[in-house]
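Some notes on the structure that comes next.
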Amino acid sequence: QVQLVESGGGLVQAGGSLALSCTASGNFFSINAMGWYRQAPGKQRELVAGITSGGTTNYSDSVKGRFTISRDNAKNTVYLQMNSLKPEDTAVYYCNADCRSVLAGLTYDHDYWGQGTQVTVSS
C-alpha cells in the first residue's frame with residue numbers, strides 16, 4: 001500500500017503565495033509521474049501541474065507562469081509553489097502519484113491520491 005501525505009495550503013489574500021508538498025511512502029519500487037489536481041465546489045477535478053520522473057513539467061493554461069511544480073526523487077516528494085494567487089484558484093488540491101511495484105518479476109503501475117488540502121484565496 002502507498003500513502004500520500006500532503007501539507008501546506010490554507011487561506012491567503014489575492015496576489016499572495018502558498019506552497020504545497022506531498023510525500024509518498026509505502027511499498028513501491030519507484031514513482032513515475034507525479035502531479036497536482038484541484039477540485040472547486042460544483043466542478044470536476046482538473047489537472048493543475050504534472051512532472052515526470054525525469055523532471056519534464058506541464059501546466060494547465062490557467063496557472064502557467066504563476067505555479068511551479070518540482071520534485072525530489074530521493075525524498076519521494078512533489079512540491080507546488082503557487083504565486084500570484086487568484087480567487088479562482090480556490091479549491092481542494094490533491095496530490096497524485098503513479099507508482100510502480102515489482103512482484104515476481106512483473107511491474108505494476110497504479111495511481112494513488114492524497115487526502116486533499118484546502119486552498120482558499122480571498123479577494
Side-chain angles (χ1 to χ4, degrees):
Q1 188 66 313
V2 176
Q3 297 80 38
L4 299 182
V5 178
E6 300 156 350
S7 61
L11 174 64
V12 66
Q13 288 189 333
S17 298
L18 283 174
L20 306 180
S21 65
C22 171
T23 299
S25 63
N27 295 320
F28 56 89
F29 176 75
S30 62
I31 304 177
N32 301 320
M34 302 185 81
W36 290 95
Y37 290 71
R38 67 186 181 188
Q39 187 167 18
K43 294 188 176 181
Q44 288 189 332
R45 190 174 297 188
E46 62 174 359
L47 174 67
V48 175
I51 184 168
T52 68
S53 57
T56 300
T57 59
N58 65 288
Y59 298 91
S60 69
D61 288 343
S62 62
V63 307
K64 204 171 292 183
R66 299 188 298 121
F67 291 11
T68 302
I69 189 170
S70 60
R71 66 189 282 177
D72 185 332
N73 291 332
K75 296 181 179 179
N76 296 321
T77 299
V78 62
Y79 307 94
L80 186 67
Q81 178 65 42
M82 303 182 291
N83 299 329
S84 302
L85 282 160
K86 305 175 181 180
E88 50 264 44
D89 294 318
T90 295
V92 178
Y93 283 70
Y94 296 91
C95 172
N96 174 269
D98 177 24
C99 296
R100 172 159 292 178
S101 301
V102 179
L103 183 62
L106 298 177
T107 60
Y108 302 87
D109 293 340
H110 187 78
D111 259 0
Y112 294 91
W113 293 89
Q115 78 283 1
T117 185
Q118 178 70 45
V119 171
T120 303
V121 185
S122 63
S123 56

Sequence neighbours excluded, every pair satisfying disulfide (SG to SG under 2.5 Å) that has a member inside [range]:
range: residues 44-77; result: none
range: residues 8-91; result: Cys22-Cys95
range: residues 50-79; result: none
range: residues 34-91; result: none

Considering residues at least two apart in sequence or located in another chain, which fulfil the side-chain contact (heavy atoms from CB on, under 4.5 Å) criterion with [X]?
X: Gln115; result: Glu6
X: Ala19; result: Gln81
X: Ser123; result: Pro87
X: Glu46; result: Arg38

Between [X] and [Y], which heavy-atom pair has the shortest distance, and what is it?
X: Cys99; Y: Ile31; answer: SG-CG1, 4.1 Å
X: Val121; Y: Thr90; answer: N-OG1, 2.9 Å
X: Leu20; Y: Gly8; answer: CD2-C, 3.6 Å
X: Val48; Y: Val63; answer: O-CG2, 3.6 Å
X: Ile69; Y: Gly35; answer: CD1-CA, 4.2 Å
X: Ala24; Y: Leu4; answer: CB-CD2, 3.3 Å

- Task: Under the side chain to side chain donor-acceptor pair (under 3.5 Å) rule, collect the residues that match up with Asn27, sequence neighbours excluded.
- Result: none
- Query: Do Asp89 and Leu18 have side-chain heavy atoms sitting under 4.5 Å apart?
  - Reply: no
- Transitive ILVMFWY side-chain link Leu47 to Val92, under 4.5 Å: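 In one cluster: yes.
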Quick one: pull up [atom1] in [X] and [atom2] in [Y] and give me the separation to the nearest 0.5 Å.
X: Thr57; Y: Lys64; atom1: OG1; atom2: NZ; answer: 9.5 Å
X: Met34; Y: Asp72; atom1: CE; atom2: CG; answer: 10.0 Å
X: Ser30; Y: Asp109; atom1: OG; atom2: CG; answer: 7.5 Å
X: Leu11; Y: Thr120; atom1: CG; atom2: OG1; answer: 6.0 Å

- Query: Please, which pairs that meet ring-ring contact (aromatic ring centres under 6.0 Å, His included) have at least one residue in residues 78-103, sequence neighbours excluded?
  - Reply: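 ring-ring contact (aromatic ring centres under 6.0 Å, His included) check on residues 78-103 returns no pairs.
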- Message: According to ring-ring contact (aromatic ring centres under 6.0 Å, His included), does anything in residues 11-53 pair up with another residue at least two apart or in another chain? List the pairs.
- Response: Tyr37-Trp113
- Item | Test item: side-chain donor near acceptor, Thr23 and Thr77, under 3.5 Å | yes
- Answer yes if the side chains of Asn32 and Ser53 hold a donor-acceptor pair under 3.5 Å, and no otherwise. no
- Message: Once ring-ring contact (aromatic ring centres under 6.0 Å, His included) is applied, do any residues pair with Tyr59, and if so which ones, sequence neighbours excluded?
- Response: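 Tyr59: no ring-ring contact (aromatic ring centres under 6.0 Å, His included) contacts found.
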